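Reviewing the structure listed below.
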Amino acid sequence: MIFNERLRALRKEKGWTQQETAEKLSIAYRNYQRLEAEGNTPNFANLVQISDLFCVSMDYLAGRTDRREVNGAVRHEIILSSDLAEDTSELEALLRRVIPAALAAEGVEQPCEINVLLTDDKGIHAINLDQRGVDSPTDVLSFPMFDLKPGDKPSAEEADPATHLVPLGDMVLNLDRVKSQGEEYGHGEKRECAYLAVHSVLHLLGYDHMDDGPMKAQMREREEAILERLGLGR
C-alpha cells in the first residue's frame with residue numbers, strides 16, 4: 001500500500017528508527033510498527049499526526065497526489081523549554097502537535113509564536129506568586145500577549161517584523177499535576193497534558209471561565225471538540 005511505503009520512506013529520510021518515530025508521534029511502538037506494515041491503514045488521528053510530523057499533506061500520505069507540500073499550511077513556532085531534570089521529549093512531541101491543532105481549530109491563519117515552559121509544583125508556585133500574587137501551585141498558567149475575545153484572531157499587523165510571527169503569549173505547564181490529575185481522572189498523562197495545553201491556547205485567544213456562565217460552557221465545548229479532533233476525546 002502507498003501509505004506504508006511513503007511512511008517508511010519519510011522516516012528513513014529523517015534518519016529515525018521506528019522507536020524514535022513512535023515517540024515523536026506519541027504512540028505505542030507496537031502501534032507504529034503496524035502503521036509501517038503492508039496493508040495496514042491509519043485512522044484519521046494517526047494521519048493528522050504523521051502529516052504534521054513530516055510536514056507533508058495527508059493526500060500525499062494516502063497516495064492521492066505526488067505533491068508533498070501542505071497547501072496553505074500555517075507554520076506556528078512552539079518554543080519549548082523545561083526546568084526539570086526528567087526527560088520530557090515525549091510530552092514535548094505531543095505539545096508540538098496539540099498546540100498548532102488547537103490554533104487551527106480556532107481558525108488562526110496568521111503564524112504565531114507561543115513559549116511553553118514545563119515545570120513542577122515548586123516552579124509553577126513561584127511563577128504564580130511572582131506574576132499573579134497567588135501563593136499556591138496550579139496545573140497551568142497562561143499569559144496572553146493581546147486582549148482578545150473568543151472568536152478574535154491575531155492579525156498580521158501584530159506580527160514581529162523580524163520573524164513575521166505573532167507573539168501570542170506564554171504558557172506554563174505543571175507536569176506534577178499532569179501526572180496526578182491524569183491518574184485521578186483515569187485518562188492518563190497524555191490526555192491531561194493535551195487538555196491543559198488546549199485550555200491554555202484558548203486562554204491566549206481570549207476565552208475565560210471565571211464563572212459558571214455561558215463563556216465557561218463555550219470554553220469546555222471547544223476544548224472537547226479540539227481533543228476529539230486529535231483522537232484524544234473522553
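All heavy atoms count here, side chains included; hydrogens, waters and symmetry mates do not. From a predicted model like this one, the values you see are computed outputs, not experimental measurements. For the single chain, residues carry numbers from 1 onward in sequence order.
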If you look at every heavy atom in [X] and [Y], which pair is closest and at what distance?
X: Leu47; Y: Pro42; value: CD1-CG, 3.7 Å
X: Arg96; Y: Ile78; value: NH1-O, 2.8 Å
X: Ala102; Y: Ile226; value: CA-CG2, 3.9 Å
X: Ala197; Y: Val98; value: CB-CG1, 4.2 Å

Let me confirm one number: the [atom1]-[atom2] distance from [X] to [Y], rounded to the nearest 0.5 Å.
X: Asp120; Y: Arg177; atom1: CG; atom2: CZ; answer: 11.0 Å
X: Tyr32; Y: Ile50; atom1: OH; atom2: CD1; answer: 7.0 Å
X: Gln49; Y: Ser26; atom1: CD; atom2: OG; answer: 7.0 Å
X: Thr138; Y: Asn128; atom1: OG1; atom2: CG; answer: 6.0 Å
X: Leu80; Y: Glu92; atom1: CG; atom2: CD; answer: 5.0 Å
X: Ile2; Y: Tyr60; atom1: CD1; atom2: OH; answer: 9.5 Å

Answer yes or no: is there a side-chain heavy-atom contact under 4.5 Å between [X] and [Y]?
X: Tyr207; Y: Val201; result: no
X: Leu227; Y: Tyr195; result: yes
X: Leu103; Y: Leu205; result: yes
X: Ile114; Y: Glu77; result: no

When you check the gap from the basic side-chain N to the acidic O, do [X] and [Y] get nearer than 4.0 Å?
X: Lys153; Y: Glu109; value: no
X: Asp66; Y: Arg6; value: yes
X: Lys12; Y: Glu20; value: no

Full working for side-chain contact (heavy atoms from CB on, under 4.5 Å) between Phe143 and Ile127: CA-CA 11 Å; Phe143 299 102; Ile127 294 169; 4.1 Å; yes
Would Val108 and Leu165 show up in the same hydrophobic cluster when neighbours are defined by side-chain heavy atoms closer than 4.5 Å?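 Not linked; separate clusters.
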Starting from Leu168, can I reach Leu117 by hopping between I/L/V/M/F/W/Y residues whose side chains sit under 4.5 Å apart? no
Under the criterion side-chain contact (heavy atoms from CB on, under 4.5 Å), which of Leu118, Thr119, Leu141 is the partner of Leu173? Leu118
Please confirm whether the backbone N or O of [Y] pairs with a side-chain atom of [X], one donor and one acceptor, at under 3.5 Å?
X: Asp121; Y: Asp176; result: no
X: His76; Y: Pro111; result: no
X: Arg222; Y: Ala105; result: yes
X: Glu36; Y: Gln33; result: no
X: Asn40; Y: Arg34; result: yes

Decide side-chain contact (heavy atoms from CB on, under 4.5 Å) for Met145 and Val166; before the verdict, give the C-alpha distance in whole Å, the side-chain angles of both, and the deciding distance to 0.1 Å. CA-CA 9 Å; Met145 184 65 71; Val166 173; over 6 Å; no
Verify side-chain contact (heavy atoms from CB on, under 4.5 Å) between Leu35 and Ile27, making sure each step is shown before the conclusion. CA-CA 11 Å; Leu35 290 175; Ile27 62 177; 3.8 Å; yes
Decide yes or no on side-chain contact (heavy atoms from CB on, under 4.5 Å) for Val172 and Asn174, but give the supporting numbers first. CA-CA 7 Å; Val172 184; Asn174 178 356; over 6 Å; no
Would you kindly say whether Thr17 and Gln19 are connected by a side-chain donor-acceptor distance under 3.5 Å? no
For the residue pair His203 and His199, categorise the inter-ring angle as parallel (less than 30°), tilted (30 to 60°) or perpendicular (more than 60°).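 Judged by the thresholds at 30° and 60°, the geometry between His203 and His199 is perpendicular.
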